[in-house]
Amino acid sequence: MADEPMTTSTPSESKSTLKLMSKSMYAKEAALRNLFLLCATAAVAGVALIFLFVGVRGWPIIQDPGLGAFLFGKVWSSSTDQFGILPLVTGTLVITIGALLLGAPLAVGTAVFLSEIASPRVRSVVRPAVELLAGVPSVVYGFFGLIILRPIIANLTGGLGFGPLTAAIILAVMIVPTIATLTEDALGSVVPGIREASYAMGATTWQTIYKVLLPAASVGIIDAIILGMGRAVGETMAVVMVAGNAPQFFQGLGEPVSTLTSQIVIDMSYASGTHRTALFGMAVILFLISMGLVALVRVISNRKKEG
Amino acid sequence: MNKRTANRLALSVLWLCAGTTVAVLGAVIIYVFVNGIGQLSPEFIFTWPHGVNAEGGIWPTIVSTLYVTGLAMLIVTPIGVLAAVFLAEYAVQGRLVRIIRFAADSLASVPSIIMGLFGLALFVETMHIGFSMISAALALSFLMLPIVMRTTEEAIRAVPKYIRWGSYGLGASKWQTVSRIVIPAAMPRILTGLILATGRAVGETAVVIFTMGQAINLPISPLDSGRPMTVHLYMLAMEGINLPAAYGTALLLMIMILFFNLTARWLLRRNRRMQG
Amino acid sequence: MAEYRRPSTRGHLLSTCPRTVLRVVLACALAVSMLALSACDGSSASDEVIVNGSTTILPIAEIAAEQFMDENPEISVLVSGVGSSAGIETVTRGSSDIGTSSRDLKTEEETLGLVDTPIAYDAIAVIVNPDNPIRELTTEQVRDIFSGRYTNWSELGGPDLPIGLVNRDEASGTREAFNKIVMGDETFDIGAVILPGTGQARAVVTDAPGAVGYISLGFVNDDVKAIVIDGVVPSEEAVVAGTYPVSRILHCFTMGEPTGLVKQYLDYVLSPAIQDTVVRDAGFIPITAKEAFDG
């Protein structure tokens with residue numbers, strides 16, 4: 001830490017403060033700064049610890065039966081000790097894509113509405129609603145989906161109502177706040193001048209939104225959708241209540257599937273041995289996916305800044 | 001299609017989007033409220049569940065939820081706030097800060113089920129703390145840390161620069177400025193962030209289900225196990241025998257979360273009015 | 001002791017735990033595990049009854065223990081769900097007083113000197129939607145339905161309607177029993193919906209015309225139709241008479257005849273206070289029902 005040049009944010013400021021400080025005061029200031037730094041590294045420690053402890057429990061599955069058999073195995077069956085997660089990955093993928101198809105347009109639409117159309121009075125109703133949607137516990141969404149939505153879907157598809165369609169609808173609602181809030185931020189950071197220029201050229205509100213604002217905010221919106229995707233991939237309790245939890249490949253919108261997260265919840269209470277290892281291995285995969293998505297957002301945002 | 005028709009059409013679609021979002025929230029709230037309100041009574045809140053199908057009240061689950069949330073706040077508040085102070089006031093842009101921010105972002109996006117398994121592996125099993133309030137609170141605090149860090153950092157950054165200059169001009173040191181000027185000025189917004197993080201913790205299920213245990217118990221010491229409201233609701237809903245109690249639990253959970261959210265909004269508004 | 005602390009969805013799902021006692025137990029468990037001692041070596045104190053075994057029986061045993069301790073505060077009953085085989089093993093080795101089991105003794109276990117106190121019947125009904133005209137099936141047909149061999153009710157003489165399988169999670173005692181009694185060596189169809197609860201399984205069968213599932217006989221109501229199996233109508237009478245095929249007896253095993261506190265606890269479990277309320281609430285049939293039918 002001693003290598004870092006200054007204790008304060010700008011060099012000139014720090015030089016002037018230092019001159020006024022006694023030695024003991026300087027020591028105290030430096031100690032405090034290091035304490036704060038330590039707190040800040042708690043986040044780094046958290047990520048490392050999670051990776052370490054979940055990874056150690058999951059590691060044996062990579063040795064036996066091997067990474068390939070684990071990732072690309074087509075059968076998940078604890079009674080025969082087969083732990084291939086491909087059906088679960090497929091389930092996660094199908095449900096996530098479904099949730100994005102339904103949720104992303106709704107969320108972006110809501111954000112555009114809030115940022116460009118709504119009067120302050122309407123906004124004061126819609127924005128809190130979006131924030132409250134984010135606060136509803138996932139288990140309540142799952143409960144709602146199980147009791148209200150499932151019978152409706154059962155009537156529509158002729159099946160039992162558990163499956164990707166039900167799960168995707170519930171997840172779509174759950175990712176709306178994430179995507180809408182971030183999209184609204186992105187639209188808000190568009191330079192006001194180009195908006196006014198567009199109106200001055202005689203463009204309608206929609207033309208301004210479609211041809212000027214959305215392209216200008218596109219990077220932020222893509223980031224928002226990627227983070228919404230991360231939320232959908234990792235969501236657990238709501239999915240476990242409506243997906244049907246059958247570890248089979250996608251058979252249709254109304255046929256049950258299982259996901260990485262829901263299988264962990266269903267199995268964790270009784271799993272032991274290789275089975276338990278496989279569940280921790282799945283958690284590692286989920287962790288890598290979510291970190292990968294965050295990294296993707298970083299890369300996209302950085303490229304935009306440079307370009 | 002001329003541009004006015006297109007405009008009108010597109011705008012009505014956007015109205016529809018916003019309307020749908022509000023309607024969904026309304027549907028969830030009304031559904032939970034209508035089905036749960038008949039269940040709410042002092043008996044339901046303050047008595048123990050009994051029998052095989054958890055008839056009666058849910059008092060121990062309420063206590064477990066509040067206990068673990070309070071404990072997690074105690075753990076996360078100092079660390080999160082001080083970390084934010086570092087990022088907002090002390091940090092020099094560089095690799096270290098980039099890593100910290102990336103870690104915080106990653107932590108914020110880690111699925112909560114992983115946080116649960118992590119808590120199980122580290123606190124419950126490796127450290128032999130067992131299923132307990134403290135195990136669950138520690139795991140929850142990792143979940144809340146990035147939220148507290150982000151909101152606090154924003155709060156500190158929102159404090160106008162000239163206030164700091166005034167303080168330095170009077171000969172105050174960095175720490176004196178931060179602790180006596182900046183943090184008090186940012187306090188309402190910091191509190192808002194803390195309250196929102198609390199709301200998040202109250203509604204969390206996947207983290208606590210593997211760290212707190214699932215047996216109903218009234219926790220006294222941090223080493224006691226228990227079953228929080230969310231896990232109770234999940235079990236009642238999936239078992240499906242005693243649905244009235246599930247509705248009641250869901251409503252109470254929603255009321256608690258609404259309370260936290262509205263308090264946070266009220267604080268923020270009051271603060272804005274005082275500043276404006 | 002470490003086993004005790006593992007979460008068991010099924011086991012703890014519907015149970016409440018005695019307050020202070022549980023805390024003491026957990027504190028002990030914690031201390032014990034920290035010291036890396038095996039609790040299995042410890043002999044039980046004179047005022048303690050240790051009950052280990054089947055997770056299916058756990059809800060009954062726990063609530064019986066709770067109520068028993070309310071009436072006899074000086075006695076503590078420690079209940080844990082470790083599985084039937086482990087329950088039989090611990091009682092044989094003397095590290096528990098009662099081993100609960102949802103299966104009969106194996107041949108090699110019969111000579112160990114264990115005495116059986118049956119406490120309840122666990123019967124499982126195969127349920128379909130009331131609109132489904134199918135009334136009767138054989139055990140083989142039920143097995144072939146759940147293994148996925150039949151996919152449409154028309155193959156069984158019913159309407160042209162796809163069969164919707166409702167299965168339970170593997171932690172479920174009902175699934176374990178159904179698997180052992182009906183499925184045998186066959187495996188469940190992987191495409192079945194997995195639900196972790198009885199009530200939801202029943203609710204799904206209630207509103208989906210093609211659905212079929214299985215639940216404890218005690219939870220059957222008018223919203224679903226229980227299938228006649230091998231010509232026997234699922235009823236309490238048939239279960240008690242031993243003619244209904246999908247049923248089993250829940251046991252409490254002790255080394256030698258139960259005496260003292262152990263006998264006191266078992267008598268309590270067999271008393272109407274438990275049999276007529278707790279056992280029925282858990283979806284089982286009281287063992288005392290036999291006397292009613294015999295008498």
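In what follows, chains carry the letters A, B, and so on, assigned in the order in which the sequence lines appear, proteins first and then strands, with residues in each chain numbered from 1. Only this structure's heavy atoms are used, side chains among them; waters, hydrogens and symmetry mates stay out.
- Across all non-hydrogen atoms, the minimal contact from B/P111 to A/S290 is CD-OG, 3.7 Å.
- Of the possible polar contacts, one joining the A/E29 side chain to the B/W175 backbone as a donor-acceptor pair under 3.5 Å is found.
- Residue B/R98 touches chain A through its backbone alone, counting heavy-atom pairs closer than 4.5 Å.
- Taking the six-membered ring where the residue is Trp, A/F143 and B/Y247 present tilted rings, their angle falling between 30° and 60°.
- Atom CD1 of B/I113 sits about 7.0 Å away from atom OG1 of A/T261, to the nearest 0.5 Å.
- Taken to the nearest 0.5 Å, the CZ atom of A/F36 stands 13.5 Å off from the CD1 atom of B/I79.
- Annotation: maximal heavy-atom pairing with chain B below 4.5 Å, among A/F287, A/Y141, A/F51, A/W206, occurs at A/W206.
- Contacts of A/A295 with chain B are made by both backbone and side-chain atoms, with heavy-atom separations under 4.5 Å.
- Residue with the most contacts toward chain B among A/V139, A/V54, A/V56, A/L227: A/V139 (heavy-atom pairs, distance under 4.5 Å).
- Using a 4.5 Å cut-off between heavy atoms, A/I289 does not touch chain B at all.
- In this structure the side chain of B/M238 reaches within 4.5 angstrom of the side chain of A/L146, judged on heavy atoms.
- Counting heavy-atom pairs closer than 4.5 Å to chain A, the top residue among B/A121, B/G119, B/G116, B/A108 is B/A121.
- Contact count against chain B (heavy-atom pairs under 4.5 Å) is highest for A/I147 among A/V176, A/I147, A/I209.
- Counted within 6.0 Å of CZ on B/F259, heavy atoms from surrounding residues, nucleotides or ligands total 12 or fewer; the atom is thus considered open.
- Counting heavy atoms from C-beta outward, B/F142 and A/L49 have side chains that approach closer than 4.5 Å.
- When B/I257, B/L107, B/L117, B/L145 are compared by the number of non-hydrogen pairs under 4.5 Å with chain A, B/L117 comes out ahead.
- To the nearest 0.5 Å, atoms CD (B/Q214) and OG (A/S269) are separated by 7.0 Å.
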For B/E125 and A/R276, what are the C-alpha separation, side-chain angles and deciding distance, and is it a salt bridge (charged side-chain N to carboxylate O under 4.0 Å, His left out)?
CA-CA 14 Å; B/E125 291 175 354; A/R276 201 160 195 263; 2.7 Å; yes

List the steps, then state whether side chain to side chain contact (heavy atoms under 4.5 Å, CB included) holds for A/V240 with B/Y234.
CA-CA 10 Å; A/V240 80; B/Y234 169 67; 3.7 Å; yes

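- Between A/V122 and B/W15, the closest side-chain pair of non-hydrogen atoms falls below 4.5 Å.
- In this structure, A/L133 CG and B/L25 CG are separated by 4.5 Å, a value rounded to the nearest 0.5 Å.
- Under a cut-off of 6.0 angstrom, the local environment of OH in A/Y210 is sparse, with at most 12 non-hydrogen atoms contributed by other residues, nucleotides or ligands.
- With chain B as the partner, the residue from A/I50, A/L52, A/L38 showing the most heavy-atom pairs under 4.5 Å is A/I50.
- Here the CG-OG distance, from A/L293 to B/S106, works out to 10.5 Å after rounding to the nearest 0.5 Å.
- Of the candidates A/V173, A/T110, A/L114, A/V126, A/T110 is the only one forming a side-chain contact (heavy atoms from CB on, under 4.5 Å) with B/T21.
- Nearest heavy-atom pair, B/A27 versus A/F144, reported as atom, atom and distance to 0.1 Å: O-CE1, 4.0 Å.
- Using a 4.5 Å cut-off between heavy atoms, A/L32 contacts chain B through its side chain alone, with no backbone atom that close.
- What you find for B/Y90 and A/R33 is that their closest heavy atoms are CD2-CG, 3.6 Å.
- Using a 4.5 Å heavy-atom threshold, the side chains of B/L196 and A/E131 count as separate.
- Checking A/T205 against B/R8 by side-chain atom types alone, no donor-acceptor pair falls below 3.5 Å.
- Closest non-hydrogen pair, B/S173 versus A/M25, comes out as CB-CE, 3.3 Å.
- In terms of heavy-atom pairs under 4.5 Å with chain B, the best-connected choice from A/M291, A/K28, A/R57 is A/R57.
- Contact annotation: the side chain of B/R4 approaches that of A/T204 to within less than 4.5 Å [non-hydrogen atoms, C-beta and beyond].
- For B/Y31, the part lying under 4.5 angstrom from a heavy atom of chain A is the side chain only.
- Heavy-atom pairs under 4.5 Å with chain A peak, among B/L233, B/V85, B/V202, at B/L233.
- Interface remark: of the candidates A/M241, A/R231, A/M282, A/M241 forms the most heavy-atom pairs closer than 4.5 Å to chain B.
- The side-chain heavy atoms of B/M254 and A/P137, taken from C-beta on, include a pair separated by under 4.5 Å.
- The parts of B/D105 that come within reach of chain A are both its backbone and its side chain, each placing non-hydrogen atoms under 4.5 angstrom from that chain.
- Chain A forms more heavy-atom pairs under 4.5 Å with one residue of B/L243, B/V13, B/V28 than with any other, namely B/V28.
- Looking at every heavy atom in both residues, A/V265 comes nearest to B/F210 through CA-CZ, 4.0 Å.
- The distance from the CG atom of B/L14 to the CG atom of A/L106 is 11.0 Å, given to the nearest 0.5 Å.
- Residue B/C17 comes nearest to A/P105 through the heavy atom pair SG-O, 4.0 Å, listed as atom of the first residue, atom of the second, then distance.
- Between chain A and the residues B/G240, B/A250, B/A246, the most heavy-atom pairs under 4.5 angstrom are made by B/A246.
- With respect to chain A, the highest number of heavy-atom pairs below 4.5 Å among B/V32, B/T249, B/T230 belongs to B/T230.
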